[in-house]
There are 2 protein chains.
Amino acid sequence: MSQAETLVAVQRLRLTPVRRRALEILLEAHRALGAYEVLERLAEEGFGKQPPVAYRALEFLVENGLAHRIRRLNAFTACMHPGEAHVPAFLICRVCDSVAEAAGAPVRAALDDAAIALGFSVERASIEAVGLCPQCRAHTQAGGVAHG
Amino acid sequence: MSQAETLVAVQRLRLTPVRRRALEILLEAHRALGAYEVLERLAEEGFGKQPPVAYRALEFLVENGLAHRIRRLNAFTACMHPGEAHVPAFLICRVCDSVAEAAGAPVRAALDDAAIALGFSVERASIEAVGLCPQCRAHTQAGGVAHG
DNA sequence: TTGTTTATGTAATATCATAACAAGTCAAGT
DNA sequence: ACTTGACTTGTTATGATATTACATAAACAA
């Protein structure tokens with residue numbers, strides 16, 4: 001949160017109460033939240049009850065590098081490295097739905113190469129992997145945990 | 001289509017009329033289609049009129065490597081290289097919405113490296129880039145085409 | 001044929017997202 | 001203090017995407 005505040009101050013962004021609270025909600029969750037989940041929490045605290053309230057706050061956070069959108073989950077997650085020039089690659093566990101943010105710079109470089117070969121210029125990329133996180137991998141191998 | 005049929009025969013998959021037609025629809029479109037667009041065309045030809053008809057056919061195609069899902073567009077596109085062991089990376093033009101399928105193997109390799117560093121095992125990956133295709137890049141630079 | 005699996009179709013509903021508009025906030029200039 | 005203009009928040013309403021649950025039918029194996 002402090003990282004976020006510093007960043008906001010430097011960039012002269014307006015981290016208003018809704019936006020700030022939305023970010024805190026994402027940070028506290030330790031997982032990706034759907035827009036309606038965020039909305040529900042915001043509404044409980046006296047903010048607006050309608051979808052645009054959440055979508056706008058989340059859009060602001062994403063635009064300014066404070067959060068990410070995980071398209072595969074239709075969800076949002078707080079950025080773990082705000083301010084750092086980084087390309088995130090998301091590792092989504094199919095068992096526990098946890099989301100880890102991996103270093104995506106080399107991935108992005110490879111992607112740029114592939115794009116250049118086709119004359120395509122990449123502006124933004126979303127790199128999302130589905131698999132097993134270390135914890136769930138251990139469990140699955142050991143006990144044969146069912147997953148659906 | 002012939003590639004698809006060969007593949008289907010080898011794998012003993014059931015390319016039923018709906019599924020076959022769904023694939024043809026994607027192939028004929030030369031662009032990514034939403035599930036409801038596919039559904040509309042299927043319904044016109046006497047198939048079911050409800051969403052699951054399209055979603056199931058598309059899911060079958062995706063599962064069996066005959067089509068891909070483009071999450072950023074909430075859309076589906078026919079696979080351009082069915083049967084080849086390939087990891088697709090999608091290049092989505094933000095102006096004309098065209099989708100190109102680039103070689104994603106090196107991208108995937110970089111992604112696997114990043115995942116291994118975190119103890120995460122990748123099973124599937126979706127790699128989607130947004131930018132400008134060669135055509136739209138030329139137009140934008142030359143004439144200053146507005147894009148929204 | 002009988003039983004089993006797989007596929008198709010429908011109805012109903014759940015989930016995710018945006019457009020359009022009204023009202024409030026805030027800072028800059030006068 | 002007042003006005004202006006950009007931005008923010010809130011609401012209503014609707015649009016777009018996707019799934020669950022259940023019934024019927026086709027394909028297949030024994």
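Throughout, protein chains are lettered first and strands after them, A, B, ... in sequence-line order, and every chain is numbered starting at 1. As a basis for the values below, the full set of heavy atoms in this structure was taken, side chains included, without hydrogen atoms, waters or symmetry mates.
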Rounded to whole Å, how long is the line connecting atom [atom1] of [X] with atom [atom2] of [N]?
X       : N      : atom1 : atom2 : result
A/Arg72 : D/dT17 : CZ    : C1'   : 16 Å
B/Arg20 : C/dT8  : CZ    : P     : 14 Å
A/Arg19 : D/dT8  : CZ    : C1'   : 7 Å
A/Leu42 : D/dT11 : CG    : C1'   : 16 Å
B/Asn64 : C/dA7  : CG    : C1'   : 14 Å
B/Leu73 : D/dA16 : CG    : C1'   : 14 Å
B/Leu39 : C/dA11 : CG    : P     : 13 Å

task: Using modelled atom types only, decide if a donor and an acceptor are shared between the side chain of A/Glu128 and the backbone of A/Arg72 within a distance under 3.5 Å.
output: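 Pair found, side chain donor or acceptor close to backbone of A/Arg72.
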field: Gap separating the CD1 atom of A/Ile92 from the CG atom of A/Leu73, nearest 0.5 angstrom
entry: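 Rounded to the nearest 0.5 Å, the CD1-CG separation comes to 4.5 Å.
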message: Quick check: A/Phe76 with A/His68 (ring centres under 6.0 Å apart)?
response: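 That pair fails the under 6.0 Å test.
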- prompt: Between B/Val62 and B/Ile25, is there a shared hydrophobic cluster once you connect ILVMFWY residues whose side-chain heavy atoms come closer than 4.5 Å?
  reply: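 They do share one cluster, since a chain of ILVMFWY contacts under 4.5 Å joins B/Val62 to B/Ile25.
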task: Indicate whether OP1 or OP2 belonging to C/dT25 is found under 4.0 Å from a side-chain N or O atom of A/Arg14.
output: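 For C/dT25, neither OP1 nor OP2 has a side-chain N or O of A/Arg14 closer than 4.0 Å.
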query: Do A/Ser121 and B/Leu132 come close enough that some side-chain heavy atom pair is under 4.5 Å?
result: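 SC-SC contact between A/Ser121 and B/Leu132 confirmed.
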Polar atom pairs between nucleotides 18-23 of chain D and protein, under 3.5 Å, N or O only, would you list them?
unit_1, atom_1, unit_2, atom_2, d
D/dA18, OP1, B/Arg69, NH2, 3.0
D/dA18, OP2, B/Tyr55, OH, 3.0
D/dA18, O5', B/Tyr55, OH, 3.3
D/dA18, N7, B/Tyr36, OH, 2.7
D/dA18, N6, B/Tyr36, OH, 3.3

